[in-house]
There are 2 protein chains.
Amino acid sequence: MPVIPSGALGALDPTSDRAVFRQIADQLREAIDKGRFSEGDKLPSETELVEHYGVSRMTVRNSLSVLQGEGLVFSEHGKGVFVRPRPPVRRLASDRFARRHREQGKSAFTVEADAAGSHPTVDNLEVKEERPSQDIATRLGGPRRVLARHRRYLLDGRPVEFATSYLPLDIARGTQIAEPNPGPGGIYARLEELGHRLDHFEEEIRARMPAPSEVRTLRLAAGVPVIHLIRTAFDTGGRAVEVCDTVMAADAYVLAYQLPAT
Amino acid sequence: MPVIPSGALGALDPTSDRAVFRQIADQLREAIDKGRFSEGDKLPSETELVEHYGVSRMTVRNSLSVLQGEGLVFSEHGKGVFVRPRPPVRRLASDRFARRHREQGKSAFTVEADAAGSHPTVDNLEVKEERPSQDIATRLGGPRRVLARHRRYLLDGRPVEFATSYLPLDIARGTQIAEPNPGPGGIYARLEELGHRLDHFEEEIRARMPAPSEVRTLRLAAGVPVIHLIRTAFDTGGRAVEVCDTVMAADAYVLAYQLPAT
DNA sequence: GAGGTAAACTCGTATAGACGAGTAGGTGGG
DNA sequence: CCCACCTACTCGTCTATACGAGTTTACCTC
């Protein structure tokens, strides 16, 4: 029978004002931070913690739920509670949409994933005409209807982001952009072929906790936020030709940008 | 005695596989999403929910803790559970460190806050020499010791971010950069006066749940992630002259960047 | 009217128990 | 040897209860 590693966890301080479940959470957190439990390790079971601390099971569960909310641990029904591993992060560089990359003929996601040695997949592909939300319509200059390209990206089978691109119908309708497979280089390559030479992109970044549907789509663990990125592509005429709305698992990404000092 | 608004919440489905506390959370979430409870509104008390649904109080609390984890509601001891308002966000534009702003003589934070009509404060100012972490040292080219400028920013009394700037001692020691008040235009203005003309910045962005100390420093509500931003400033010689490590309340910010398409 | 106090409300913490459901390992039968 | 089953262990859900602590309200006293 597994036992709590001696010294890994201390005793409660009955004189402390701090709630018992917080003291237990503190000790577990400290043990994780100090490496006494490593990534992927199983924590002591609820029963073991109950016996070790002499408290009721709900108190122990309360402690563990604190750590789950902090994203430190996750639980698996029937197995145990484990230290959440930090998955490898995908670094999005600010030149990722540079024309030179597009001209290679592969999509940005695929190129990067291949370079990182992981297996990329695109999923849930759906392309249709829609009425845009107020926000999307405003960004695109107010069209009544748009072409929407929905998709989900996975790395080695793990969903890491899902995104929807919105394009004005006068640009996209009837072109290869309206096809499920937009061809080599992606829709940005098609836009340029159609005469919409791209000038720059604007990206807006927010972070927040996921809605339940986002938890399902990205198979998010408890305590993992999402990064919400909205990118607008402008052509050399200053027109917004595409808006891409992306939700990413925050534990899978680092975004990198370069800013001029001028 | 306050009563649950009729029709705001439905009944449970006993035939459903979905756990009772999840069904209750779903109904509350839907009521919030549909505006039947608005920002700042008080939800029905735990006791009222217990009576409405005919479940035990722990089940109701479980439901509410789900919504807290999603950042939808917050609770106040003795008062009730309330729909979390979306605070006004501060938009950080990608030109916020442009030289023309610096030459106005005020810090970026102060200028922006004034423009937005809110009252900025800087707090917890501490300037000292330190041994840098491995990561900071690497970014700065490996110095053994650095000057660290710690500070916290508040808007209208609310803490929104805290940051530490790290500078190599050979640049900063003995200059106004090592003083608590770095003078008009901030340390970037001083760096340029000292001959380190700035060329560009690199920013790395991550999002994650806050550590307990970050929750205290930023007075974060449950279910609010932080944005972790690491900025490195490079001079025209390509040398990293400063690294700024910033933790921001994610509900207070939207970051905006402009990317070239070239 | 002003003040203080008590009651009634809120959420926070903790206990003890029960049953369900998913997993893993061992045991036995084929 | 392999498969089926059983068992022990895991976390998930839910009940019922108790007391504490912060807030608000009402009332009573001065």
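Numbers restart at 1 for each chain; the letters A, B, ... are given by sequence-line order, proteins then strands.
Between Asp251(B) and Arg158(B) a salt bridge is recorded (basic side-chain N to carboxylate O distance below 4.0 Å).
Using a 4.0 Å cut-off, some side-chain N or O of Ser45(B) falls inside it from OP1 or OP2 of dT10(C). Put simply, Thr47(A) has no side-chain N or O that comes within less than 4.0 Å of OP1 or OP2 on dC9(D). One finds a side-chain N or O of Ser75(A) lying less than 4.0 angstrom from the OP1 or OP2 phosphate oxygen of dG12(D). In this structure, Arg61(A) reaches the dG12(D) phosphate: one of its side-chain N or O atoms is under 4.0 Å from OP1 or OP2. Neither OP1 nor OP2 of dG17(C) sits under 4.0 Å from any side-chain N or O of Ser56(A). In terms of phosphate contacts, Arg22(B) brings a side-chain nitrogen or oxygen within less than 4.0 Å of OP1 or OP2 of dT13(D).
Minimum atom distance to the side chain of Thr59(A) is reached by dA14(C), of the listed dG12(D), dG12(C), dA14(C).
Checked by atom type, the side-chain pair Thr121(B)/Asp123(B) shows no donor-acceptor distance below 3.5 Å. A donor-acceptor contact under 3.5 angstrom links the side chains of Arg151(A) and Ser165(A), judged on distance only.
Taking atom CZ of Phe82(B) as the reference point, atom P of dT10(C) lies 11 Å away to the nearest angstrom. The separation between Leu49(A) atom CG and dT15(C) atom P is 13 Å, rounded to whole Å. Protein atom CZ of Phe21(A) is 12 Å distant from nucleotide atom P of dT15(C), rounded to whole Å. Distance, Met58(B) CE to dC14(D) P: 12 Å, rounded to whole Å. Atoms NZ (Lys79(A)) and C1' (dA8(D)) sit 17 Å apart, rounded to a whole Å. Rounded to whole Å, atom P of dG22(D) lies 10 Å from atom CG of Asp17(A). As rounded to whole Å, 12 Å separates atom P of dT10(C) from atom NE2 of His77(B). Atom pair Tyr53(A):OH and dT13(C):C1' shows a separation of 17 Å (rounding to whole Å applied).
Atom CZ in Phe82(A) sits 6.5 Å away from atom NZ in Lys79(A) (nearest 0.5 Å).
Residue whose closest nucleotide on DNA chain C sits further toward the 5' end, between Arg57(A) and Glu76(B): Glu76(B).
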Before giving the answer on side chain to side chain donor-acceptor pair (under 3.5 Å), spell out for Tyr53(B) and Gln23(B) the whole-Å C-alpha distance, their side-chain angles and the decisive distance to 0.1 Å. CA-CA 10 Å; Tyr53(B) 286 112; Gln23(B) 291 187 47; over 6 Å; no
